[in-house]
Amino acid sequence: MQPIQGLHHVTAMAGDPRANIDFYHTLLGQRLVKKTVNFDDPGTYHFYFADATGTPGTVLTFFPWPGARRGTPGNGEAAAVAYTIRPGSADFWRARLGAAGVVIGQSQTRFGQEVIPFRDPDGMAVELVVSDAPAAVQYWAEGPVPAEHALRGFHSVTLWLDEVERTAALLADQMGYTAAGQEGSRTRLAGASGDIGLYVDLLHRPGQPRGRFGVGSIHHVAFRTVDDDEQLAYQLALRAAGFDVTPVRDRQYFHSIYFRAPGGVLFEVATDAPGFLYDETAGALGSALRLPPWLEPRRAEIEAALPDLRQPEARP
Ligand code: ZN
């Protein structure tokens, strides 16, 4: 079995779908590479924001539930997602975010790298990490951010945990992660690809309350595996190690298995293939509502029930 390559995608819950698109697509310059519905609840949108082609390790996805209650961050969940930016881009992003009214937190230094923390419109913690590490991302040339400042895929996710040992052991013993540093209460592990979405940070917060899931909460963290055979090998090995792993689910753009990590965070192992070009050309990615074949017969009913995505001034 090959070690896990790194992060595949991160999925969170948003509130207003229009505000979600405005923030990630228009402000952060992440392409909306797929506009579909929650396959388990087709009355809800599922948005995928990524680089130009949806490269694994760049993909942040949201289920927008307008009017739902906000979550409260706490132990047992992923509490922050971090993107990499190039050295020299920090001032650009402070200015761009500031001009949009985003409140930027105090810059931090983490493992020798500058970290710029802020929150999205639903309160989810997002970070920019300054790094000159190589990143095989596909620049979205039609996007609003110049190439030299564009986000360069995920740097890391941070999990908040009551105790880190068992989650660290899962990552190291079952998933092929290696220890990449310890700084205060933060333990860093690295995936195998050496490229984007490399790190998982475990933040030790003993005795702190558990998170309450809601708008602005991260629902799960998905890890990359190379193909279906590898995924089945992981399913077998994780089950043998005592994890309650789901059957393979067809997510159209990748295949998924899910299981709960010891600290409470929902993990997914997803395949790189078939990818986001499965049902749209590169030029058309995200431009139309895509439905999987088993929901296509219900398209009219589904479209009628989904929230209006037009800008407020364009709504009737
Ligand atoms: Zn997922």
Side-chain angles (χ1 to χ4, degrees), residues 4-14 17 20 24 30-42 44-51 53-65 71 76-83 120 122 124 126 153-154 156-159 167 170-171 175 191 196-197 200 211 213-228 230-232 234-235 238 243-261 263-276 278-279 285-286 290-292 294-295:
I4 292 285
Q5 301 296 298
L7 299 172
H8 183 285
H9 66 268
V10 174
T11 293
M13 184 170 163
N20 185 241
Y24 286 97
Q30 295 298 281
R31 187 176 186 189
L32 178 61
V33 291
K34 200 63 67 181
K35 188 165 58 185
T36 182
V37 295
N38 182 342
F39 293 176
D40 302 325
D41 170 20
T44 304
Y45 273 118
H46 194 184
F47 297 150
Y48 292 77
F49 300 99
D51 70 354
T53 55
T55 304
T58 72
V59 184
L60 182 58
T61 99
F62 288 93
F63 300 122
W65 286 0
E77 59 184 31
V81 58
Y83 288 99
D120 81 0
D122 296 310
M124 191 182 108
V126 183
F154 291 145
S156 52
V157 288
T158 297
L159 314 186
T167 300
L170 163 66
L171 286 161
M175 298 170 70
I196 45 179
V200 176
F213 185 76
V215 167
S217 300
I218 294 173
H219 184 260
H220 64 264
V221 176
F223 297 87
R224 286 177 66 188
T225 190
V226 288
D227 59 26
D228 292 317
E230 282 285 315
Q231 183 180 57
L232 291 174
Y234 269 103
Q235 186 188 46
L238 287 161
F243 293 96
D244 187 10
V245 187
T246 67
V248 176
R249 305 246 166 90
D250 180 4
R251 298 313 190 192
Q252 195 80 345
Y253 312 108
F254 44 86
H255 304 141
S256 302
I257 55 174
Y258 303 84
F259 62 102
R260 191 72 63 180
V265 182
L266 186 61
F267 278 11
E268 171 182 345
V269 174
T271 54
D272 281 2
F276 294 92
Y278 178 67
D279 60 356
L285 281 176
R290 305 305 306 185
L291 296 176
W294 62 91
L295 290 177

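Each ligand, and each atom within it, is numbered from 1 in the order the structure gives.
- Closest approach of Asp51 to Gln30, counting heavy atoms only: N-OE1, 4.2 Å.
- Excluding water, every protein N/O/S atom under 2.8 Å from the Zn ion (ligand 1) is given here by residue and atom: His9 NE2, His220 NE2, Glu268 OE1.
- Asp40 and Arg249 are not joined by a salt bridge, as no carboxylate oxygen comes within less than 4.0 angstrom of a charged side-chain nitrogen.
- Remark: aromatic rings of Phe62 and His46 are distant, center separation not under 6.0 Å.
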Residues Leu170, Leu238; criterion side-chain contact (heavy atoms from CB on, under 4.5 Å); working and verdict: CA-CA 9 Å; Leu170 163 66; Leu238 287 161; 3.9 Å; yes
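- With sequence neighbours left out, Arg260 forms a side chain to side chain contact (heavy atoms under 4.5 Å, CB included) with Leu266.
- In this structure, Asp279 and Tyr253 have side chains that are in contact, with non-hydrogen atoms separated by less than 4.5 Å.
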